[in-house]
Amino acid sequence: MPKPPLAQHNKIFIGLAVGIVLGLVANALFSDYPELDWLLRNVISPLGQVFLRIIFMAVIPLIFSALALGVAELGDIRQLGRIGGKTLAFTLVLTSISVLIGMTLVNVVKPGEGLTDSQRQALMSTISTSGAQATVQKAAEAKSVVQTLLEIIPKNPLADAVGAFDENYRGGGILAIMFFSLFVGLALTLARSERTEVFEKWLQGLYDVVMKIISMAMKLAPYGVACLVFTVTARLGLDMVAMLGKFVLVVMGGLLIHLLIVYSAVLKYAVGVSPWKFFKRLEEVIITAFSTSSSNVTLPTALRVTEEKLHVPGRISRFVLTLGSTANQNGTALYEGVTVLFLAQFFGANLSFAQQATVVLAAVLAGIGTAGVPGGSLPVIVLVLQSVGVPGESIAVIFGVDRILDMSRTVLNVTGDITAAMWVAKSEGCELKLE
Ligand code: ASP
């Protein structure tokens with residue numbers, strides 16, 4: 001009898017494991033050889049990028065069609081207001097809990113204190129050699145809060161679509177595209193006619209086509225994931241992770257507590273489903289988020305799994321997940337809070353209660369505003385650091401471990417979006433059974 005083909009998520013998992021193991025071996029054996037660096041820069045990393053870029057190319061049309069359709073399918077403005085309000089409330093409450101978990105851990109464990117002199121020196125030397133200045137420069141060009149909020153309303157949505165993934169773009173980007181898409185959906189609901197019906201069908205067609213592109217790209221996922229993870233582990237090895245061990249443990253510990261305790265409690269008591277079954281069905285989403293470090297890239301997989309395996313109706317999942325991929329980032333908020341406090345400890349700056357409260361608030365808001373792309377947190381961390389009097393360049397201290405923590409926080413970000421979609425669906429009276 002022929003063997004059944006391996007399920008896609010198992011293939012991706014194998015890619016992940018192969019990437020990690022081979023990367024660590026390459027780092028242990030060849031980290032002093034320039035050939036390894038050459039191979040990473042010219043072969044392995046570009047191969048990983050091929051996979052990422054195909055998905056990125058579909059993200060803007062996906063966000064546009066998913067959100068506009070999501071709103072149009074909700075049908076009336078009252079329902080839209082209710083679901084939007086619930087999504088926002090969920091985001092604010094859960095993000096605040098995640099930041100508080102992180103802040104508590106960092107205050108108890110104090111990972112920034114008690115490093116040996118040589119560790120301290122090794123970490124300090126990264127400040128001048130890393131690309132921290134570029135990040136600081138970018139943060140220095142940051143806009144005022146009023147300007148940032150204004151730019152969420154795009155003057156020219158096409159310009160925002162073009163600049164969305166450009167690090168140097170100063171406009172509203174993805175948030176502005178979301179705003180435009182919401183408005184298109186709203187107008188579609190209010191202007192129902194034979195002609196707009198054609199437009200709605202067109203949007204549905206666009207959505208289907210984009211999802212198909214992504215499912216084709218996902219065939220490359222096992223190889224793409226192996227290359228992306230190999231690049232990280234071969235460069236990083238375990239040295240940096242060991243040196244910043246306590247910091248890494250605090251971040252990972254906070255993420256795990258939020259994932260396994262807070263989300264499980266929401267799922268069990270507020271949604272009424274088994275957390276175990278929920279996480280089991282999320283395997284593919286979790287692996288994709290972990291290996292790509294991007295909530296936006298993981299959005300299509302999250303949409304598919306939420307509809308097919310968790311049976312959340314499309315009208316709710318499209319709306320909540322698409323908004324959440326940028327706005328509901330619990331892992332990012334936790335990380336931003338922990339990192340600022342860690343660096344303040346590292347530099348011996350004792351933050352007062354009021355300053356810590358500022359960090360909490362900034363981290364909660366940053367969780368909403370941070371782009372769902374790899375390293376999206378970094379410029380935001382620089383801004384918060386500077387606002388509490390710690391030099392922005394000090395972010396270089398954590399550069400070495402940022403990627404692995406980025407991979408981990410993205411898992412929490414995406415799982416949080418799906419948990420939100422489950423909760424909103426349940427509160428809207430949907431029957432959610434995970435047998
Ligand atoms: N990589 C994260 C995400 O896409 C954002 C960040 O924290 O850097 O969800």
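All ligand and atom numbering here is 1-based and tracks the order in the structure. Treat the numbers as computed from the prediction; the structure is a model and nothing was measured.
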May I have the list of side-chain donor-acceptor pairs in residues 252-265 shorter than 3.5 Å, sequence neighbours left out?
{"unit_1": "H258", "atom_1": "NE2", "unit_2": "N330", "atom_2": "OD1", "d": "3.1"}
{"unit_1": "Y263", "atom_1": "OH", "unit_2": "N330", "atom_2": "OD1", "d": "2.6"}
{"unit_1": "S264", "atom_1": "OG", "unit_2": "L260", "atom_2": "O", "d": "2.5"}

Worksheet item: Taking the inter-plane angle between the rings of F183 and F179 on a 0 to 90° scale, is it parallel (under 30°), tilted (30 to 60°) or perpendicular (over 60°)?
Response: parallel

Distances only, to 0.1 Å: what are the N or O pairs between ligand 1 and the protein that fall under 3.5 Å?
{"unit_1": "ligand 1", "atom_1": "1 (N)", "unit_2": "S293", "atom_2": "O", "d": "2.9"}
{"unit_1": "ligand 1", "atom_1": "1 (N)", "unit_2": "V373", "atom_2": "O", "d": "3.0"}
{"unit_1": "ligand 1", "atom_1": "1 (N)", "unit_2": "D406", "atom_2": "OD1", "d": "2.7"}
{"unit_1": "ligand 1", "atom_1": "1 (N)", "unit_2": "T410", "atom_2": "OG1", "d": "3.2"}
{"unit_1": "ligand 1", "atom_1": "4 (O)", "unit_2": "S295", "atom_2": "N", "d": "2.8"}
{"unit_1": "ligand 1", "atom_1": "4 (O)", "unit_2": "S295", "atom_2": "OG", "d": "3.4"}
{"unit_1": "ligand 1", "atom_1": "4 (O)", "unit_2": "G372", "atom_2": "O", "d": "3.2"}
{"unit_1": "ligand 1", "atom_1": "4 (O)", "unit_2": "V373", "atom_2": "N", "d": "3.3"}
{"unit_1": "ligand 1", "atom_1": "7 (O)", "unit_2": "T332", "atom_2": "OG1", "d": "2.6"}
{"unit_1": "ligand 1", "atom_1": "7 (O)", "unit_2": "S377", "atom_2": "OG", "d": "2.5"}
{"unit_1": "ligand 1", "atom_1": "7 (O)", "unit_2": "R409", "atom_2": "NE", "d": "2.7"}
{"unit_1": "ligand 1", "atom_1": "8 (O)", "unit_2": "G376", "atom_2": "N", "d": "2.9"}
{"unit_1": "ligand 1", "atom_1": "8 (O)", "unit_2": "S377", "atom_2": "N", "d": "2.9"}
{"unit_1": "ligand 1", "atom_1": "8 (O)", "unit_2": "S377", "atom_2": "OG", "d": "3.2"}
{"unit_1": "ligand 1", "atom_1": "8 (O)", "unit_2": "R409", "atom_2": "NH2", "d": "3.0"}
{"unit_1": "ligand 1", "atom_1": "9 (O)", "unit_2": "S295", "atom_2": "OG", "d": "2.5"}
{"unit_1": "ligand 1", "atom_1": "9 (O)", "unit_2": "N413", "atom_2": "ND2", "d": "2.8"}

Practice prompt. State, to 0.1 Å, how close L343 and S394 come at their nearest heavy-atom pair, and which atoms those are.
Written response: CD2-O, 3.6 Å

Fill in: S377 and Q329: side chain donor to acceptor below 3.5 Å
no

Practice prompt. Report the C-alpha separation of Y169 and V162 in whole Å, then their side-chain angles, then the decisive distance to 0.1 Å, and conclude whether the side-chain contact (heavy atoms from CB on, under 4.5 Å) test is met.
Written response: CA-CA 9 Å; Y169 182 65; V162 171; over 6 Å; no

Worksheet item: Considering all heavy atoms of both residues, which atom of I316 and which atom of A425 are nearest to each other, and what is their separation?
Response: CD1-CA, 3.8 Å

